[in-house]
Amino acid sequence: MQAEDYAKVQIGDAYPMFPSLFISGKRVRGITGALTLGFFNLDVSFGKTERKIEGPLGGIVLYNDSSAASSRPKETFFESYGGRNTNTTPGSTDTLIQNYRSYTNGTFDRDFLAVRPSFGSGESFQFGLTFIKAKDDKNSIKYGNYPAENLVAGTDLLIAFDNQKIKWTTQVAFSLENTDISKGNLSDVQIDSVKGVYDTTKSAADHAKALKDADDLKKMAKIGSQFITINENLTPLDPISGLPSLSVESELTLNYFNNYIRAMAFRRGKNFKSYGNEYVQTDIAGINLSDRIRLLDNRLMTSFSYETKWNNIQNESSLPVTTFNTFNGSATVYPGVKLPTMTFGYGFNTRKNPIELNQDTLVTAVVDTTFPSSKADSLNYADEKTNRFFFAVNYDFNVLARQSLNATVSIANKKDNTFNLRNQDNVSVATALTTFYKIPLQTTIAIIISHNATYFALQDTLTKRYLSTTSQQTFNYQTFSLNARYRLMNDRLNLLATLAPSFGDFKRTLIQAGVDYQIMDGHYIVGQLDVIQNPGKENDVIASIVYRFTF
């Protein structure tokens, strides 16, 4: 066994591989390593995920007195006193104009630590525990506000049978986030104030509840402050009730009889946040089912997926629950080497919530300023369905030279079933012919045609009622593209050129020239010049030189 089979260390930029709820695609600059013994494993990543960028200074903002200055934006600091304020009341002790300088928030250094011990090789069983701590260095820059901190902890489990043809994975993650740690932890007195213990307007029952909430937070703070800053900016302040920052994903896959079946259930709390994966969709729960099927000796490939999900998983009474349904299906035919390959696809997605509004309710909301805001907010109710159709063909043939033809047609139609009638129609047709000459030249001729139409219901100017008739707006354009690539020096040097004029509602001409040179294995220099001609506007000129290396 080689050393790299059970121990790895990477210094510099790394993209650690942890369960997706914890880390996914996050760059960590520091030290990342893994110890893989089979019965016991350890993954560690330590470094920085954000580098400091000082906030730029702005102009001077004048305030006539301290009262006005007290409500200034946080992105200002006191610089000096100016002249006297002649508009102040005689005898006032605060008559000097105060000068504050504005600034734009910078970015703090963010320290990051992720640790995952696990047990089992991952072939048939693995149980892992993950801990992530990310914290901004509030002293790393001078002009910046809202240094943040994040804590994520959880577990993951993998169980597999029959050479992983049956595989079940589950991950559970819990998070805490503090969006401003600049003032540190709250004292007991401050906790009482935050929870409203000193509010004399509260009833006896409300005051008793405030005391209980304050005591609960104090108990949590004594333990939690060892791991994360506890103050009023912590989210959630009550992590137990409704589990608002708990996320769970469980997935089962079956790989039998030319089928690859996948079923996943998920629930992600509205307050869940991981600085290792900041693109997780939250406040959502649902089920996803999919299957990929191979038929006719792999000459026919079909796939489908269906997902249903809904938001407002905390069941907040003031918010509606919106349900989303998505279906995608496709079939690809591979008839033979000398025949074209074709793909047919269909899909739909729907969005609906249970709010029901009639025209009388709508008119009241529009013309009556005393109409409850909760009702006005509910005017954005949803009831829509979008159908999508897709066709693609690819054909390789020889006529004077080797040719490759690609063509696609995509159609989407959205039907809005509300009184807004915000329907949409989209049609896109694209075709490209690539020619490979005997000389080291490759050209591509492409045409794109796009038609887009949006609609909205007209409104009666007197009654404010929406009518059944609609107004239409269109956006149509066509793009013709000619690309060429010429290879020299045994393909180490590539000369590139593109001419792409666009017509219709979107007018411009793109002229592009570039060079791609391989200095040595894994090392490249890429230069590119883009000239974009915009009719009636200034032209854009963009030049770049990139050194790229792979290792």
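The structure displayed is predicted, hence computed values, not measured ones.
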Taking the side chain from [X] and the backbone from [Y], do they hold a donor-acceptor pair closer than 3.5 Å?
X	Y	value
Gln10	Asp13	yes
Asp136	Lys138	no
Asn41	Gly38	yes
Asn325	Thr350	no
Ser245	Ser175	yes
Asn353	Pro320	no
Glu149	Thr229	yes
His523	Gln518	no
Ser140	Asp109	yes
Thr179	Ala148	no

Test side chain to side chain contact (heavy atoms under 4.5 Å, CB included) applied to Asn494 and Val515, Val526, Asp516, the passing residue: Asp516
Aromatic Tyr524 / basic Arg548 pairing, under 6.0 angstrom, 45° off normal: yes
Cation-pi geometry met for Arg268 and Phe266 (6.0 Å, 45°): yes
Step-by-step side chain to side chain donor-acceptor pair (under 3.5 Å) determination, Asn452 to Ser450: CA-CA 7 Å; Asn452 307 274; Ser450 180; 3.0 Å; yes
Could you check whether atom [atom1] of [X] has more than 12 heavy atoms from other residues, nucleotides or ligands sitting under 6.0 Å from it?
X	atom1	result
Lys202	NZ	yes
Trp310	CH2	yes
Ile545	CD1	no
Arg51	CZ	no
Lys218	NZ	yes
Asn490	CG	no
Tyr547	OH	yes

Partner set under ring pair (Phe, Tyr, Trp, His ring centres under 6.0 Å) for Tyr517, not counting sequence neighbours: none
Listed partners of Tyr260 passing ring pair (Phe, Tyr, Trp, His ring centres under 6.0 Å), at least two apart: none
Centroid-centroid under 6.0 Å between Tyr146 and Phe108 rings: no
To the closest 0.5 Å, what do you measure between [atom1] ([X]) and [atom2] ([Y])?
X	Y	atom1	atom2	answer
Asp192	Asp199	CG	CG	12.5 Å
Ile230	Ile223	CD1	CD1	10.5 Å
Thr104	Ile53	OG1	CD1	12.5 Å
Arg487	Leu495	CZ	CG	11.0 Å
Ser45	Ile132	OG	CD1	9.0 Å
Thr169	Asp156	OG1	CG	9.0 Å

Aromatic plane relationship, Phe327 with Tyr346 - under 30° parallel, 30 to 60° tilted, over 60° perpendicular: tilted
Check [Y] with [X], please: is the shortest side-chain N to carboxylate O separation under 4.0 Å?
X	Y	result
Lys352	Glu384	no
Lys48	Asp111	yes
Glu251	Lys167	no
Glu307	Lys309	yes
Lys183	Glu232	no
Asp215	Lys195	no
Arg267	Glu249	no
Lys270	Asp283	no
Lys74	Asp180	yes
Glu50	Lys26	yes
Arg351	Asp383	no

Do [X] and [Y] have side chains that get closer than 4.5 Å, going by heavy atoms?
X	Y	result
Val28	Phe46	no
Met301	Arg292	no
Phe131	Val152	no
Leu186	Val194	yes
Thr308	Phe324	no
Asn145	Glu75	yes
Ser303	Ile293	no
Asn258	Tyr256	no

Candidate pair Leu157 and Ile159, rule side chain to side chain contact (heavy atoms under 4.5 Å, CB included), full reasoning: CA-CA 7 Å; Leu157 175 68; Ile159 299 176; 4.0 Å; yes
Residue that, paired with Asn349, satisfies side chain to side chain donor-acceptor pair (under 3.5 Å) out of Lys414, Lys385, Arg388: Arg388
Ser305 and Ser290 side chains, donor-acceptor separation under 3.5 Å: no
No-hydrogen, no-angle side-chain donor-acceptor test under 3.5 Å, Gln442 and Thr434: no
Residues Phe344, Phe389; criterion ring-ring contact (aromatic ring centres under 6.0 Å, His included); working and verdict: CA-CA 8 Å; Phe344 303 87; Phe389 304 88; over 10 Å; no
Stepwise side chain to side chain donor-acceptor pair (under 3.5 Å) check, Thr498 with Asn483: CA-CA 4 Å; Thr498 297; Asn483 304 270; 2.8 Å; yes
Steps toward side chain to side chain donor-acceptor pair (under 3.5 Å) verdict (Asp530, Gln512): CA-CA 5 Å; Asp530 294 349; Gln512 188 178 80; 3.0 Å; yes
